[in-house]
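Naming: A, B, ... by sequence-line order, numbering from 1 per chain. When reading the values below, keep in mind they use all heavy atoms of this one structure, side chains included, and skip hydrogens, waters and symmetry mates.
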Number of protein chains: 2
Amino acid sequence: MADVTARATGHPLAGRASFLLSQLGAYSAHEFAKRLAPLGMRPGHFGLLMHLSRGEGQSQQRLADAMGIHRNVMVGLVDELEDRGLIERRRHPADRRAHAIHLTGTAHDLLGRAQRVADEHEAELLAGIGEDDRTYLIALLQHLAEHTGLPSGVHPGLNDNPLSTTSRRC
Amino acid sequence: MADVTARATGHPLAGRASFLLSQLGAYSAHEFAKRLAPLGMRPGHFGLLMHLSRGEGQSQQRLADAMGIHRNVMVGLVDELEDRGLIERRRHPADRRAHAIHLTGTAHDLLGRAQRVADEHEAELLAGIGEDDRTYLIALLQHLAEHTGLPSGVHPGLNDNPLSTTSRRC
DNA sequence: TATTGTTATACTCTATAACTATA
DNA sequence: TATAGTTATAGAGTATAACAATA
């Protein structure tokens with residue numbers, strides 16, 4: 001990566017950072033969902049397990065806030081992970097309305113595998129540029145995210161469900 | 001933007017390019033859709049008008065291929081823009097099955113306004129970093145997009161419809 | 001009165017199939 | 001036989017409202 005001179009690519013859209021970010025972001029999300037699918041997980045599951053690994057015993061409402069989703073959606077996420085025996089709903093010690101969500105041993109194993117998948121995805125996405133450029137790119141993106149006011153670790157929308165029965169035509 | 005040293009931000013996800021791209025990409029797409037809404041347009045409309053401005057008279061199938069969407073979806077897009085008097089379906093000179101899509105005068109005006117909206121969006125998104133970093137970021141993103149095999153100017157998914165009746169709660 | 005978890009409902013978007021008229 | 005445009009249908013995702021239990 002040294003050619004920073006403005007090249008006249010065909011499409012006018014392809015020269016805008018806003019479009020490129022949106023395009024690459026959609027690709028990244030979709031690709032990650034595909035890689036996660038063999039583990040029986042969707043990005044939301046991964047996000048929830050990651051959040052839990054940084055602090056178990058949180059209420060569903062707190063987790064929903066941390067992930068930027070509605071508590072109604074969190075119910076489904078927790079249901080699915082609980083059905084698979086990856087998390088447990090326990091009594092909240094301080095609030096009898098709330099549940100305290102905890103990880104099981106199985107979840108720690110699966111999270112490890114999922115993180116390796118995420119590492120592979122990251123590596124494949126950045127395969128085209130060198131080490132220095134990767135570091136600089138990440139710094140730039142972090143800077144943009146902070147300046148735009150995007151909460152750290154919160155991902156809007158984009159489920160891109162590759163697990164469903166019908167949309168398995170990719 | 002000079003601090004490229006790895007900083008230990010709170011979230012482990014926030015240090016991955018794949019996550020940051022996806023997060024910023026979703027934000028960019030959503031924000032652009034919001035800015036386009038007052039003009040009565042969705043990103044798909046803008047994309048179609050942009051493609052047409054680079055070559056009128058194309059068939060719907062060709063336009064669909066160029067935009068990376070299915071021809072069934074293109075029908076709806078063309079319907080909506082035709083109802084608003086922005087494009088016309090004419091007889092295709094070479095193929096009586098196909099339509100030749102043309103822009104109207106009104107479309108040129110509106111496209112100008114939409115492009116100004118896109119410029120504002122681009123500027124706001126990049127407001128946090130300097131001129132040199134912007135150029136370098138765009139070059140990096142273009143390089144990633146090319147290396148990943150993403151077709152230039154094609155945007156998957158992400159409609160994020162802010163025009164619909166119900167989802168006007170943002 | 002406000003909040004947590006839950007369920008139900010409606011709506012949007014997308015994918016697929018099928019049909020017609022042409023090629 | 002294959003393709004362009006069209007229409008209809010089914011599925012997934014999401015937003016909203018409403019409810020019971022508890023704060």
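The side chain to side chain contact (heavy atoms under 4.5 Å, CB included) search around V78(B) returns L48(B), Q60(B), M74(B), I87(B), R89(B), I101(B), not counting sequence neighbours. L111(A) pairs by the side chain to side chain contact (heavy atoms under 4.5 Å, CB included) definition with F46(A), L49(A), M50(A), S53(A), Q115(A), not counting sequence neighbours. Under the rule for a salt bridge (charged side-chain N to carboxylate O under 4.0 Å, His left out), E56(A) has no partner lying at least two apart in sequence or in another chain. Legend: residues meeting side chain to side chain contact (heavy atoms under 4.5 Å, CB included) with D65(A), ordered by chain and number and at least two apart, are Q61(A). By the side chain to side chain donor-acceptor pair (under 3.5 Å) test, H70(B) pairs with N72(B), sequence neighbours left out.
Rounded to an integer number of Å, the gap from I69(A) CD1 to dG13(D) P is 13 Å. A straight line from CZ of R90(A) to C1' of dG5(C) spans 19 Å, rounded to a whole angstrom. Separating the CZ atom of R91(A) from the P atom of dA23(D) is a distance of 12 Å, rounded to the nearest angstrom. Protein atom NE2 of H30(A) is 13 Å distant from nucleotide atom P of dT14(C), rounded to whole Å. Separating the CZ atom of R42(A) from the C1' atom of dG13(D) is a distance of 9 Å, rounded to the nearest angstrom. Taking atom NE2 of residue H99(B) and atom C1' of nucleotide dT6(D), one finds them 10 Å apart after rounding to whole Å.
In this structure, R35(A) places its CZ atom where more than 12 heavy-atom neighbours from other residues, nucleotides or ligands lie under 6.0 Å away.
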Let me have a per-nucleotide readout for nucleotides 17-23 of chain C, 5' to 3', with B, S or -, counting only protein heavy atoms under 4.0 Å.
BB--BBS
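Using a 4.0 Å cut-off, some side-chain N or O of Q61(A) falls inside it from OP1 or OP2 of dT4(C).
Within residues 73-89 of chain B, the residues approaching DNA chain D are V75(B), R89(B), by heavy-atom distance under 4.0 Å.
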Between side-chain atoms of residues 117-127 of chain A and protein atoms elsewhere (two or more places apart, or another chain), which donor-acceptor pairs fall under 3.5 Å?
from: D119(A); atom 1: OD1; to: R16(B); atom 2: NH1; distance (Å): 2.8
from: D119(A); atom 1: OD1; to: R16(B); atom 2: NH2; distance (Å): 3.3
from: H121(A); atom 1: NE2; to: S28(A); atom 2: O; distance (Å): 3.3
from: E122(A); atom 1: OE1; to: A17(B); atom 2: N; distance (Å): 3.2
from: E122(A); atom 1: OE1; to: S18(B); atom 2: N; distance (Å): 2.9
from: E122(A); atom 1: OE1; to: S18(B); atom 2: OG; distance (Å): 2.7
from: E122(A); atom 1: OE2; to: A17(B); atom 2: N; distance (Å): 2.8

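Residue pairs satisfying the salt bridge (charged side-chain N to carboxylate O under 4.0 Å, His left out) criterion with at least one member in residues 93-107 of chain B, sequence neighbours excluded, are listed as follows: D95(B)-R97(B).
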